[in-house]
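The model shown is predicted, which means the values in this text are computed figures rather than measured ones. Atom set for the values below is all heavy atoms of this structure, side chains included, hydrogens, waters and symmetry mates excluded.
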Amino acid sequence: MILAVSKLKNPSSQPVGYRGRFAPSPTGPLHAGSLVAALGSWLDAQKNGGKWLLRIEDLDVPRTIPGAAQQIQSQLVACGLSWDEELTWQSKRQEGYQAALERLNTLQLIYPCTCSRQMIANTLAERGIQTPRNQEMVYPGTCRPEQLKTYSKEELNSTKAAWRIALPKNCEIVFEDLALGKQSENLNPEVGDFVLKRNDGLFTYQLAVVVDDALQGITHIVRGEDLLSNTGRQIYLQHVLGMNTPQYRHLPLVLDEHGEKLSKQTLATPIQTETSKDALTELRKAAKHLGLRDLPNSENITIAQWLHAATLAWGK
Ligand code: GLU
Ligand code: ZN
């Protein structure tokens with residue numbers, strides 16, 4: 001199947017107001033790269049007279065760092081990036097993810113997988129497929145049943161297996177990225193049947209982000225380019241779950257001196273927001289990275305004034 005998303009589906013003819021979001025994982029404080037995503041998504045929402053929501057993606061409990069979510073909020077506040085509505089936590093939204101999994105089970109679109117990473121690596125090696133370090137392995141379909149079916153509740157809640165989506169043949173996703181233009185990804189050779197719920201009982205980012213973006217009525221997703229390769233999977237899930245597909249805009253990544261993406265895992269330096277002068281310096285760096293030009297560079301400007309100027313400059 002080829003799934004081409006040409007425009008935002010809006011089944012009711014009501015005009016939908018812009019709803020954006022920033023969805024950090026609390027695996028550490030904000031660094032220069034995550035501030036770029038926060039600022040870019042905030043400016044895009046302001047420019048469009050929209051709402052900007054904050055969602056803490058604390059789904060992967062083992063990777064969550066205590067205090068990081070609080071620190072992220074304080075850093076955003078110090079930078080003047082205030083959010084609308086109540087902050088949400090993915091760790092409190094298990095029922096929503098479970099309901100989506102049950103829906104996919106009813107549609108006979110999932111199956112259990114008991115492969116270990118090593119088994120998957122061995123199968124791929126036998127087929128002569130090498131996975132570069134840092135890249136996810138393409139699932140070779142080992143556990144996929146000949147005939148898909150609906151599993152019982154007990155089977156579905158069994159903790160022994162991971163649950164994967166069964167992709168149709170040639171699942172090619174085509175969409176228009178607002179920054180990068182036309183994108184296309186064939187999910188079969190690029191990811192394979194991907195995991196929705198892990199065998200330790202945790203729902204995956206792919207499922208949770210789609211369920212939450214739909215629940216929160218998100219119309220625009222502005223985030224780092226490192227997440228571009230997840231977009232095809234997310235659009236496919238939106239399609240099978242009957243959800244609207246938001247507009248996507250992927251922002252350029254901030255790289256370190258070795259040309260690697262800054263990340264909390266590589267212990268990128270947190271942004272400095274102790275004083276408003278520090279915060280403004282960080283905002284200016286992020287804006288420069290986003291390609292914003294001719295912003296006021298006076299020492300005496302307030303953060304609010306600077307953000308106002310940046311909003312006017314955004315998208316020009
Ligand atoms: N939680 C994800 C991250 O911090 C971002 C999710 C998203 O923006 O879709 O990498
Ligand atoms: Zn398997």
Do [X] side-chain atoms and [Y] backbone N/O form a donor-acceptor pair below 3.5 Å?
| X | Y | value |
| --- | --- | --- |
| Q70 | G67 | no |
| E282 | Q272 | yes |
| Q305 | T302 | yes |
| K47 | W314 | yes |
| N157 | K153 | yes |
| R223 | R21 | no |
| H250 | I221 | no |
| T204 | V195 | yes |
| N186 | N170 | no |
| T27 | R63 | no |

SB check R19 D84 (cutoff 4.0 Å): no
Any salt bridge linking E95 with R93? Criterion: basic side-chain nitrogen under 4.0 Å from a carboxylate oxygen. no
Answer yes or no for R164 and Y139: cation-pi contact, defined as NZ/CZ to six-membered ring centre under 6.0 Å and angle to ring axis within 45°. yes
Decide yes or no on side chain to side chain contact (heavy atoms under 4.5 Å, CB included) for N48 and H220, but give the supporting numbers first. CA-CA 10 Å; N48 288 286; H220 290 73; 5.8 Å; no
About how many Å separate [atom2] of [Y] and [atom1] of [X], when rounded to the nearest 0.5 Å?
| X | Y | atom1 | atom2 | result |
| --- | --- | --- | --- | --- |
| D193 | L187 | CG | CG | 10.0 Å |
| W163 | F194 | CH2 | CZ | 15.5 Å |
| I303 | C79 | CD1 | SG | 6.0 Å |

Is V210 close to I235 at the side-chain level, that is, under 4.5 Å between some pair of heavy atoms? no
Parallel under 30°, tilted from 30 to 60°, perpendicular over 60°: which one fits the rings of F175 and Y248? perpendicular
Do you see a donor-acceptor pair shorter than 3.5 Å between the side chains of Y97 and E102? no
Using every non-hydrogen atom in the two residues, find where T131 and L124 come nearest and quote the distance to one decimal. OG1-CD1, 3.9 Å
Of all the heavy-atom pairs spanning Y111 and I165, show the shortest one and how long it is. CE2-O, 4.1 Å
